[in-house]
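Remarks on the structure that follows.
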Protein chains: 2
Amino acid sequence: MMGLTRKGEYAIRGIIYLARLPQGKVALISEIAAAVDVPQAFLAKIFQNFAKLGLVSSARGTGGGFMLGRPAAKITLREVVEVVEGPIMPNRCLLGVGSCDRAAHCNVHPVWQKVQSQVVAILDNVTIEELAREER
Amino acid sequence: MMGLTRKGEYAIRGIIYLARLPQGKVALISEIAAAVDVPQAFLAKIFQNFAKLGLVSSARGTGGGFMLGRPAAKITLREVVEVVEGPIMPNRCLLGVGSCDRAAHCNVHPVWQKVQSQVVAILDNVTIEELAREER
DNA sequence: TATAAAAGGACAAAAATAGTCTTGAAGGTG
DNA sequence: CACCTTCAAGACTATTTTTGTCCTTTTATA
């Protein structure tokens, strides 16, 4: 329960790979996919999403490829996860008005709200730069 | 992402219904299902799990039905959720040895560990008794 | 123009979720 | 005992989500 899907894992692995590259270096999707052991076409989709959101920048044609769209220290784990998994949402109830007619008189609601904000807070506080650091 | 399934929602609704019953009163699965608006056969499965774990006690035959297996104040939301959804597990990595060969040198790992323990802590601190209280 | 790459869309397979149905077992009642 | 009531258990089915694949188009470079 409450689990990241494979897509989420792949996304994290992929962007960490980019973050570990020397400044200014671009990487082909084929290279990234091979390096982080993810089906290339699947990873390509994920990186398309990244690109649309500006998390990575992409260039086509010879010499093209992907690089981070901004410094790794400015990309949070939350962003990466939410791009592919959607908003962190422990329960439908939290979707908003109308989605849970019970919301008004539902004591469980505030619990999920708390869960959500705690998880968001944790993931917001982790940057890709930290995750990319090689340490032991 | 990170979401409760319908089964989880149903489980919570169902056990709260039980908790709101007067002491010692038993409820038929048909009654509960109608009251909380859940397919009866599906809810029956959920309650079978509850019974196996002792969260509810069940009796067959005329006059049978379900009641809480212990005081609502002694049943945590975490227990209820985990019975039907399995352990709270934001990432496969946390499953244990061998499940993630990256674990040893993976900086993301501790983040999921933190998420897990935070969520568990929240859900452990909420009892069904609290959830069953009618207030406004 | 030919080639290299990402973008985008349609499709397909597999797994998880959500739910049904049928039969069996246990317990009461006349 | 015969019969009815209720939960238990397992097999089955349908739907949705996840996890991919493949093919065509667009953009860029040489």
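Below, chains carry the letters A, B, ... as their sequence lines are ordered, and counting in each starts from 1.
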Would you kindly give the CG-to-P distance between Leu28(A) and dA7(C), to the nearest whole Å? 12 Å
Write down the distance between CZ (Phe42(B)) and P (dA16(C)), rounded to a whole number of angstrom. 15 Å
Would you give the length of the straight line joining atom OH of Tyr10(A) to atom CG of Asp37(A), rounded to the nearest 0.5 angstrom? 7.5 Å
Once you round it to whole Å, what is the distance between P of dG19(C) and CG of Asn49(B)? 16 Å
Below 4.0 angstrom from OP1 or OP2 of dT6(D), is there any side-chain N or O of Ser58(B)? no
Reading DNA chain D from 5' onward, which residue's closest nucleotide shows up sooner: Ala41(A) or Phe47(B)? Phe47(B)
Atom pair distance, as rounded to whole Å: CD1 in Ile46(A) and C1' in dT19(D): 10 Å
Below 4.5 Å, heavy atoms only, C-beta onward: do Met67(B) and Leu21(B) meet side chain to side chain? no
Phe47(A), Phe42(A): one ILVMFWY side-chain cluster at the under-4.5 Å cut-off? yes
Interatomic distance where CD belongs to Gln40(A) and C1' belongs to dG20(D) [whole Å]: 13 Å
Checking all strands, does Tyr10(B) fall into the base, sugar-phosphate, or nothing category for heavy-atom contacts under 4.0 angstrom? sugar-phosphate
Report the distance from atom CZ of Arg6(B) to atom P of dT15(D), rounded to the nearest whole Å. 13 Å
Tell me whether the OP1 or OP2 atom of dT19(D) has a side-chain N or O from Thr5(A) closer than 4.0 Å. yes
Return the 5'-most residue of the pair Gly8(A), Ile29(B) with respect to DNA chain D, ranking by each residue's nearest nucleotide. Ile29(B)
Gln40(B) side-chain N/O to Ile29(B) backbone N/O, donor-acceptor pair under 3.5 Å: no
For Phe66(B), which contact category applies under a 4.0 Å heavy-atom criterion: base, sugar-phosphate, or nothing? sugar-phosphate
Can you check the Lys7(A) NZ to dT17(D) C1' distance for me, whole Å? 10 Å
Tell me what Ala44(A) touches on the nucleic acid: a base, only sugar-phosphate, or nothing, going by heavy atoms under 4.0 Å. nothing
Most 5' of Pro39(B) and Gly63(B) on DNA chain C, judged by nearest nucleotide: Pro39(B)
Just by distance, do the side chain of Glu9(B) and the backbone of Leu4(B) share a donor-acceptor pair under 3.5 Å? no
Measuring from the side chain of Thr62(A) (C-beta onward, heavy atoms only), which nucleotide among dT20(C), dT29(D), dA8(D) has the closest atom? dT29(D)
Rounded interatomic separation in angstrom, taking CG from Leu43(B) and P from dG19(C): 11 Å
Quick check: any donor-acceptor pair below 3.5 Å linking the side-chain of Lys45(B) to the base of dG10(D)? yes
